[in-house]
Amino acid sequence: RKVKPTRIDLGDVTDKNVGQLRVLNRTVFPVSYGEKFYKSVVEDPTFLTKLAFYGGDALVGAVCARLEKKDGKTSLYIMTLGVLALYRDLGIGQKLVEFVCGSHDQFKDEKIEEVYLHVQEGNDALKFYSKFGFEECEKVENYYQKIQPATAIVLRKKLD
Ligand code: ACO
């Protein structure tokens, strides 16, 4: 590790800093998210977002997830989890993934069975997620419309 983890703080998204989150996501992901997404990030109670700050105030990473109920099952779906390239390998991604897999006041009345996400085939993030007990479950051809490869892998982790 290059820095002590005490220099990384997790914080909440607000209407004041959501613009910074948009810039971060635009930098980190090949897929872009629109105005509606960021409005939901701030206002929708099913959205779960956490920001990672380095040295007190620089936004360097974030995770956006959402509560989903499908086929009688309650899950958390990770939409985005990213860290700026210069700040990778410092344990920030780990903090964000552990946050999502932990318990949340906002969903205290829910029984969340699993956390899942899509990852582009060939993305090194597959190795990152496998460290935290996520398993490769399905392959979805033509999942991505604007990037190649278009194939996604669904990763799942059961929560207890
Ligand atoms: N290849 C192999 N192992 C990795 C990689 C990698 N590319 N990245 C991290 N790891 C391992 C680390 O070595 C570390 O293991 P260790 O504890 O044994 O040393 C562990 O995973 C945790 O690493 P962190 O430092 O916490 O991860 P980091 O802050 O670098 O973030 C992330 C990892 C989020 C994948 C980052 O590389 C990133 O933002 N990538 C670009 C965006 C992306 O692809 N995000 C995921 C797409 S899927 C989605 O968002 C739904």
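Note that the structure is a prediction, hence the values are computed from the model and not measured. First listed ligand is number 1; within each ligand, the first listed atom is number 1.
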If we only count heavy atoms from C-beta on, is the Tyr33 to Ser40 side-chain gap below 4.5 Å?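 A side-chain contact under 4.5 Å is absent here.
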Going by distance only, is there an N or O of [X] that falls short of 3.5 Å from an N or O of ligand 1?
| X | answer |
| --- | --- |
| Leu90 | yes |
| Tyr87 | no |
| Gly93 | yes |

Taking 4.0 angstrom as the limit and counting only heavy atoms of [X], give me the atoms of ligand 1 inside it, by number and element.
| X | result |
| --- | --- |
| Ile78 | 51 (C) |
| Asp89 | 12 (C), 13 (O), 25 (O), 28 (P), 29 (O), 30 (O) |
| Thr80 | 50 (O) |
| Gly91 | 24 (P), 25 (O), 26 (O) |
| Leu117 | 48 (S), 51 (C) |
| His118 | 48 (S), 51 (C) |
| Gly82 | 39 (O) |
| Asn123 | 44 (O), 47 (C) |

Would you tell me which option among Phe128, Phe132, Tyr116, Tyr129 has the nearest heavy-atom contact to atom 9 (C) of ligand 1?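 Among Phe128, Phe132, Tyr116, Tyr129, the closest heavy atom to atom 9 (C) of ligand 1 belongs to Phe128.
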Identity of the nearest option to atom 14 (C) of ligand 1, non-hydrogen atoms only, from Arg88, Met79, Lys131: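 Closest candidate by heavy-atom distance is Lys131.
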[atom1]/[X] to [atom2]/[Y] distance, rounded to the nearest 0.5 angstrom?
| X | Y | atom1 | atom2 | result |
| --- | --- | --- | --- | --- |
| Phe29 | Ile147 | CZ | CD1 | 10.5 Å |
| Ile112 | Phe107 | CD1 | CZ | 6.0 Å |
| Leu59 | Leu24 | CG | CG | 5.0 Å |

Could you go step by step and tell me if Leu81 and Phe128 meet the side-chain contact (heavy atoms from CB on, under 4.5 Å) rule? CA-CA 11 Å; Leu81 190 158; Phe128 164 79; 4.3 Å; yes
Neighbour count above 12 (heavy atom, 6.0 Å) for Gln106 CD: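 Count over threshold, so yes.
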Ignoring hydrogens, what is the shortest heavy-atom contact between Lys50 and Leu96? Give both atom names and the distance.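 Lys50 and Leu96 have their closest heavy atoms at O-CD2, 3.9 Å.
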Would you please name every residue forming a salt bridge (Lys or Arg N to Asp or Glu O under 4.0 Å) with Glu114, sequence neighbours left out?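 Salt bridge (Lys or Arg N to Asp or Glu O under 4.0 Å) list for Glu114, sorted by chain: Lys73, Arg156, Lys158.
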Give me each pair satisfying ring pair (Phe, Tyr, Trp, His ring centres under 6.0 Å) with a member in residues 136-160, each pair once, sequence neighbours excluded.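 Residue pairs passing ring pair (Phe, Tyr, Trp, His ring centres under 6.0 Å), neighbours aside: His118-Tyr143.
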Any Gln120 heavy atom less than 4.0 Å to ligand 1: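 The answer is no, since Gln120 has no heavy atom less than 4.0 Å from ligand 1.
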